Amino acid sequence: MPLARRLAAELRPEWKNHCIRYKELQRRAEALVGETNEEEEYVFRNHLECAVERTNDFFLIKVQQVQANFDAISASVEAIAQVHGGLNLQKDGGAGATLNPKP
């Protein structure tokens, strides 16, 4: 299955307006081949920059959401560990936290 079809099939509906539309960009780029129209080139570059910026902004928002979720889950795990008293959370070199019984 071509990449464009696979991406479209796996695309989450809420992400649709935040993805780069490669087919549209490809058509615009192909229209510029052999052209010396600076205005058309400017329009294409502007469209490309806007698409990348829109996608990047969406990505940064999602990163913040994931970080907030991770922080909330970490706090919950820490609270559970404190309530049970017999558990000690230890970081394992940045790969996450592990629950280890206290000696």
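Remember, it's a predicted structure, so these values are computed and weren't measured experimentally.
Applying the salt bridge (Lys or Arg N to Asp or Glu O under 4.0 Å) criterion to E39, with sequence neighbours excluded, gives no partner residue. The salt bridge (Lys or Arg N to Asp or Glu O under 4.0 Å) search around E41 returns R45, not counting sequence neighbours.
Put simply, the side chain of R21 never gets that close to the backbone of A51: no donor and acceptor are under 3.5 Å apart.
Here L11 contributes atom CG and K16 contributes atom NZ; the two are 8.0 Å apart, rounded to the nearest 0.5 Å. Summarising the geometry, atom NE2 belonging to H47 is positioned 9.5 Å from atom CD1 belonging to I20; distances are rounded to the nearest 0.5 Å. A distance of 11.5 Å separates CD in Q65 from CG in L60, rounded to the nearest 0.5 Å. For the atom pair CD of Q64 and CZ of F59, the computed distance is 11.0 Å after rounding to the nearest 0.5 Å. Atoms OG and CG, from S76 and D71 in turn, are 11.0 Å apart once rounded to the nearest 0.5 Å.
Around CD of E38, the count of heavy atoms belonging to other residues, nucleotides or ligands within 6.0 Å does not exceed 12. Enclosure of atom CD in E14 by more than 12 non-hydrogen atoms of other residues, nucleotides or ligands within 6.0 angstrom is indicated.
Residues R28 and V43 have side chains in contact (heavy-atom distance under 4.5 Å, counting atoms from C-beta outward).
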Task: Residues N17, F58; criterion side chain to side chain contact (heavy atoms under 4.5 Å, CB included); working and verdict - done: CA-CA 10 Å; N17 294 329; F58 179 72; over 6 Å; no
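For the residue pair F44 and L32, the shortest heavy atom distance occurs at CB-CD1, 3.5 Å.
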